[in-house]
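Letters A, B, ... are given to chains in the order of the sequence lines, protein chains preceding strands, and every chain is numbered from 1. Just so you know, these numbers come straight off a predicted model, no measurement behind them.
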2 protein chains.
Amino acid sequence: MKATAHNHDHAIRSARRSLGSEKTVVALAETFKVLSDPTRLKIVLALTREELCVYDIAEVLGATESAVSHQLRLLKTLRLVKQRKEGKHVFYSLDDDHIEDLIRIARTHITE
Amino acid sequence: MKATAHNHDHAIRSARRSLGSEKTVVALAETFKVLSDPTRLKIVLALTREELCVYDIAEVLGATESAVSHQLRLLKTLRLVKQRKEGKHVFYSLDDDHIEDLIRIARTHITE
DNA sequence: CATTCATCTGAACACTTGTTCAAGTATTCC
DNA sequence: GGAATACTTGAACAAGTGTTCAGATGAATG
């Protein structure tokens with residue numbers, strides 16, 4: 001006789017339903033991943049008030065323009081930021097309002 | 001005479017205020033990072049309905065119990081999950097309601 | 001008390017990632 | 001056109017990450 005009557009089959013079937021498609025999970029993970037690097041996260045935070053050019057972002061972060069440009073490309077690919085050219089400058093701004101919500105909720109998590 | 005009257009100094013000062021402390025940024029990045037791995041994200045998704053033991057989680061994900069155990073430790077360290085021992089089994093469950101909100105919002109981002 | 005079950009752990013490995021450096025494009029100014 | 005500015009790109013490198021494997025732990029069972 002078992003002390004604990006734990007039904008593996010039921011639990012497993014139930015959990016499997018919560019998972020959703022592999023494709024969705026990977027896309028979700030990618031979204032979190034793009035915000036998981038301090039440099040990229042700082043870029044997003046810096047852009048919450050107003051659009052900035054690459055030089056400004058690099059200055060704010062204390063990073064090279066090259067490093068910032070590499071990360072901006074990634075952020076653009078995942079639709080977190082969009083760009084606007086004006087003469088020699090390229091201005092970047094946030095492309096999706098949901099991102100700020102994500103950061104706000106994550107903040108409440110870390111402060112418990 | 002400049003064609004574009006872009007004030008670097010003002011933009012930089014403004015953006016710097018949005019950044020917050022280095023400590024907070026790193027903690028935020030860590031929170032996103034823990035959800036950025038498909039295996040860990042699946043574990044969290046699997047636990048949204050009910051608590052599960054390590055064997056069940058491994059079965060649902062199609063991963064080894066060892067791999068799952070390693071990731072559970074990380075999830076526990078960052079307070080995403082908590083554990084409850086019952087005989088030989090260790091049952092894991094979500095430790096923070098905010099995580100589900102985080103996933104929900106990220107979902108709206110990827111579906112645009 | 002030896003065995004089995006459920007989970008954990010550490011080391012090793014292949015793989016990924018972010019930065020740097022140097023060179024490239026594109027635009028403006030003289 | 002030539003020089004300067006603003007940004008981008010690709011290759012290379014060091015550092016970090018997730019999995020596997022083998023072995024260890026702890027609790028229940030006979």
Novice: B/S21 and B/T24: side-chain donor and acceptor closer than 3.5 Å?
Specialist: yes
Novice: I need the CD1-C1' distance between A/I57 and D/dA6, as an integer number of Å.
Specialist: 13 Å
Novice: Between CD1 of A/I99 and CG of A/L47, what distance do you get to the nearest 0.5 Å?
Specialist: 12.0 Å
Novice: Assuming nearest nucleotide by heavy-atom distance, tell me which of B/C53 and A/L74 is located more 5' along DNA chain C.
Specialist: B/C53
Novice: On the nucleotide D/dA6, are OP1 or OP2 found under 4.0 Å from the side-chain N or O atoms that A/Y92 carries?
Specialist: no
Novice: Let me confirm one number: the CG-NE2 distance from B/D96 to A/H109, rounded to the nearest 0.5 Å.
Specialist: 5.0 Å
Novice: Using atom names, set out every protein N or O paired with an N or O of nucleotides 21-25 of chain C below 3.5 Å, distance rounded to 0.1 Å.
Specialist:
{"residue": "C/dC21", "atom": "N4", "partner": "A/S66", "partner atom": "OG", "Å": "2.7"}

Novice: Can you see if the side chain of B/K33 gets near the phosphate of D/dT17 - specifically, an N or O under 4.0 Å from OP1 or OP2?
Specialist: yes
Novice: Rounding to a whole Å, what distance do you find between B/R84:CZ and C/dA6:C1'?
Specialist: 15 Å
Novice: In whole angstroms, how far is the P atom of C/dA6 from the CZ atom of B/F91?
Specialist: 11 Å
Novice: Just how far, in rounded Å, is C1' of C/dA6 from CG of B/L52?
Specialist: 15 Å
Novice: Between A/E22 and B/K42, does at least one N-O distance fall below 4.0 Å, as a salt bridge requires?
Specialist: yes
Novice: Just compare C/dT20, D/dG18, D/dT8 and give me whichever is closest to any side-chain atom of B/R40.
Specialist: D/dG18
Novice: Whole angstrom is fine here: how far is it from OH in A/Y55 over to C1' in D/dT5?
Specialist: 12 Å
Novice: So which pairs with a foot in residues 36-56 of chain A pass ring-ring contact (aromatic ring centres under 6.0 Å, His included), sequence neighbours left out?
Specialist: A/Y55-B/H8
Novice: Rounded to the nearest Å, what distance is computed from the CG atom of residue A/L75 to the C1' atom of nucleotide D/dT8?
Specialist: 15 Å
Novice: Could you state the CG-C1' distance from B/D37 to C/dC15, rounded to the nearest angstrom?
Specialist: 13 Å
Novice: Does the side chain of B/T48 come under 3.5 Å of the side chain of B/E100 through a donor N or O and an acceptor N or O?
Specialist: no
Novice: Check the phosphate of C/dG10 against B/R73, side-chain N and O only, distance under 4.0 Å to OP1 or OP2. Yes or no?
Specialist: yes
Novice: B/K76 near the nucleic acid: base, sugar-phosphate alone, or nothing, with a heavy-atom cut-off under 4.0 Å?
Specialist: nothing
Novice: Check whether any side-chain N or O of B/T64 sits under 4.0 Å from OP1 or OP2 of D/dT20, and answer yes or no.
Specialist: yes
Novice: Excluding sequence neighbours, so at least two apart, what forms salt bridge (Lys or Arg N to Asp or Glu O under 4.0 Å) with B/R16?
Specialist: none
Novice: Which comes earlier along DNA chain C counting from the 5' end, the contact point of A/S36 or that of A/K85, where each point is its nearest nucleotide?
Specialist: A/S36
Novice: Output the distance between atom OG1 (B/T111) and atom CG (A/L28), rounded to the nearest 0.5 Å.
Specialist: 9.5 Å
Novice: Which listed nucleotide (D/dG18, D/dA6, C/dA6) is nearest to the side chain of B/E65?
Specialist: C/dA6
Novice: Strictly below 4.0 Å: does B/Q71 bring a side-chain N or O up to OP1 or OP2 of C/dC8?
Specialist: no
Novice: Roughly, in whole Å, what's the span from NZ in A/K88 to P in C/dA26?
Specialist: 16 Å
